[in-house]
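Here is the structure we will look at.
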Amino acid sequence: MHSYPDARSVIAAHAPDEPVILNRPHAAKRAARFFIEKFPGKVLYAVKANPSPDLIGILWNAGIEHYDVASIAEVRLVRENLPDAQLCFMHPIKTRRAIAEAYHQHGCKTFSLDTLEELEKIVEACRDPQTGEPAADLRLCVRLRVSSEFSELSLAAKFGCDLLEAPALLQTARQHCDWLGVCFHVGSQAMSPFAFVQAMDRARAAIAEASVVIDMIDVGGGFPSIYPGMEPPPLEDYFQIIHQHFEALPIAYNAELWCEPGRALCAEYSSLIVQVEKRRGDELYINDGAYGALYDAAHVNWKFPVRALEDDLRDPLMDFAFYGPTCDDADYMAGPFPLPSDIQAGDYIEVGMLGAYGAAMKTGFNGFGNAEQFIVEDEPMASLFDGSRSRPEADNVVNLR
Ligand SMILES: *Cc1c(COP(=O)(O)O)cnc(C)c1O
């Protein structure tokens, strides 16, 4: 992939009339090193946040060896790209065929579940096809439902067993494996470390009630990135509180602590160049949107940082809303996106922080899915990992530029 200093040099070289994704390998590598060095346990990458093979390779080279996969396609993708990676199938609802392929063909031993039915599926699908013997090397994780009250995007409704069901499920699962974990997800973009405190309190209650030996606690994803209006406390505060509460859990003395960040590892990896195709007052019609990398900007009104890429725009900023390229009224992003008030059709805009749940969301709807990709060397539009410190004890302090 060709590399450029920044977005401006990409438009100077290509004058692109389709959206362009800009990738910053150094930013993904920096985030991975930060987690590996500072999280007091094992770090899995949640592949759904951005399944790009280039990104997965960067994370692997930075030292991320475990991958949280949620579909058989993600299992195959990671296995094809990383023959030695550890795969953990953390979607609590899987088909028997997906489980069997993951286990027998791709060496995936770790599976999550939140019901007895799923436990039964996993046990059956992983039997030795010749002898019918049950698998002796399964690693099972019971997913607990926890609150999403501190998070910007809830993951509380869909998955996870509740505190009444958990003890019996933990006891039954324990009979089918030599290694049993508890996992949960506090919701994406958790804006307070206390999200993890209340989740770990629930885990403690479930474990105490079940009185089984627990070999692993997986605190899931939810680690925040930084966006306009969403500036989280230092990640080190999250790590410290998680470590403290982990140490106090009634679990095996050699129990492992895991986390599964998606967003925090890759949000800074990508930005997007879009072109203004028409202006109508304070609305800009741009060439990417709700069915493209700006899915979250449209559907959950997520705020992403923007900057105009033309040197001749000098007027003060005003707030704009965006329309995407498809013929659908829903292809609308309210923003507001502050841009120079003299911006007009033909001008380019860079939208930042789209490495997580951005670049991964592009569809081909209405014929608008294309995007070339280039590497750029400049800093992401915001970073939790660029080394600027506002508190001496915290590394990941933020510098919005
Ligand atoms: C989506 C997901 C993640 C990643 O969540 P982030 O908020 O992006 O960190 C981790 N684990 C599971 C099971 C998930 O579904």
Side-chain angles (χ1 to χ4, degrees), residues 28 31-32 34-35 39 41-52 55-56 59 64 66-71 73-75 78 86-94 98 102 108 110-115 118 139-161 181-193 195-196 199 203 216-227 230 232 235 238-239 242 257-270 295-296 300 302 304 353-361 384-385 396:
F34 184 92
F35 267 84
F39 182 77
K42 199 170 276 178
V43 180
L44 286 69
Y45 172 55
V47 172
K48 79 164 188 279
N50 187 335
S52 144
L55 172 63
I56 288 169
L59 296 176
I64 304 275
H66 290 68
Y67 292 79
D68 162 3
V69 285
S71 62
E74 287 183 359
V75 170
V78 177
Q86 299 284 330
L87 304 178
C88 304
F89 208 151
M90 302 307 272
H91 192 305
I93 308 174
K94 302 166 281 298
C108 172
T110 307
F111 296 90
S112 84
L113 59 110
D114 60 5
T115 58
E118 188 72 11
R139 295 157 70 96
L140 300 179
C141 304
V142 171
R143 169 97 173 243
L144 274 186
R145 176 156 56 235
V146 298
S147 154
S148 276
E149 66 180 300
F150 293 99
S151 302
E152 297 291 325
L153 281 177
S154 174
L155 275 77
K158 196 167 176 181
F159 299 139
C161 62
V182 170
C183 59
F184 52 76
H185 196 300
V186 300
S188 204
Q189 186 76 6
M191 293 300 291
S192 164
F196 292 92
M216 186 277 282
I217 300 291
D218 176 353
V219 299
F223 298 94
S225 183
I226 173 173
Y227 304 89
M230 288 187 266
L235 284 177
Y238 291 71
F239 296 172
I242 288 169
L257 174 64
W258 291 13
C259 68
E260 305 167 349
R263 178 186 304 281
L265 286 182
C266 61
E268 299 179 18
Y269 177 58
S270 306
Y295 183 97
D296 277 351
V300 292
W302 205 268
F304 294 98
M353 310 305 282
L354 284 168
Y357 310 110
M361 306 303 277
L384 286 180
F385 310 107
N396 63 321

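Whatever order the structure lists them in is the order used to number ligands and atoms, beginning at 1.
- Near Pro261, with a cut-off below 4.0 Å to any heavy atom, the atoms of ligand 1 are 9 (O).
- Ligand-side atoms of ligand 1 in range of Tyr357: 1 (C), 4 (C), 5 (O), 6 (P), 8 (O), range being under 4.0 angstrom from any heavy atom.
- Scanning the protein heavy atoms around atom 7 (O) of ligand 1, the nearest turns out to be Ser188 OG, 2.5 Å.
- For ligand 1, the atoms lying closer than 4.0 Å to a non-hydrogen atom of Arg143 are 13 (C).
- At the shortest separation from atom 15 (O) of ligand 1 among protein heavy atoms lies Lys48 NZ, 2.7 Å.
- Of the protein's non-hydrogen atoms, the one nearest atom 12 (C) of ligand 1 is Glu260 OE1, 3.3 Å.
- The closest side-chain heavy-atom distance from His185 to Arg143 is below 4.5 Å.
- Proximity of Trp302 to Tyr295: side-chain heavy atoms (C-beta onward) are nowhere separated by under 4.5 Å.
- No donor-acceptor distance shorter than 3.5 angstrom exists from the side chain of Lys48 to the backbone of Asp68, with no hydrogens or angles considered.
- Taking distance alone, with nitrogen or oxygen atoms compared against 3.5 Å, Gly262 approaches ligand 1 more closely than that limit.
- With Ser151 contributing its side chain and Val186 its backbone, the two residues share a donor-acceptor pair below 3.5 Å.
- By the 6.0 Å contact criterion, OH on Tyr357 is enclosed, its count of non-hydrogen atoms from other residues, nucleotides or ligands being greater than 12.
- Side-chain atoms of Cys183 and Trp258, non-hydrogen and from C-beta on, never get closer than 4.5 Å to each other.
- Near Asp68, meaning under 4.0 Å from one of its heavy atoms, ligand 1 places the atoms 10 (C), 11 (N), 12 (C), 13 (C).
- Between Arg263 and ligand 1, a contact under 3.5 Å exists for at least one N or O pair.
- Put simply, CZ on Phe34 and CG on Leu265 are 11.0 Å apart, with the number rounded to the nearest 0.5 Å.
- Taking 4.5 Å as the limit, some side-chain heavy atom of Ile242 sits within range of a side-chain heavy atom of Phe223.
- Checked by distance only, ligand 1 and Ala49 stay at 3.5 Å or farther apart across all their nitrogen or oxygen atoms.
- The shortest contact between atom 5 (O) of ligand 1 and any protein heavy atom is with His185 NE2, 2.8 Å.
- For Tyr238 and Phe39, the ring centers are positioned 6.0 Å apart or more.
- Interface of Ala46 with ligand 1, defined as ligand atoms under 4.0 Å from a residue heavy atom, comprises 3 (C), 4 (C), 10 (C).
- Taking a 4.0 Å cut-off on heavy atoms, Ala264 fails to register as neighbouring ligand 1.
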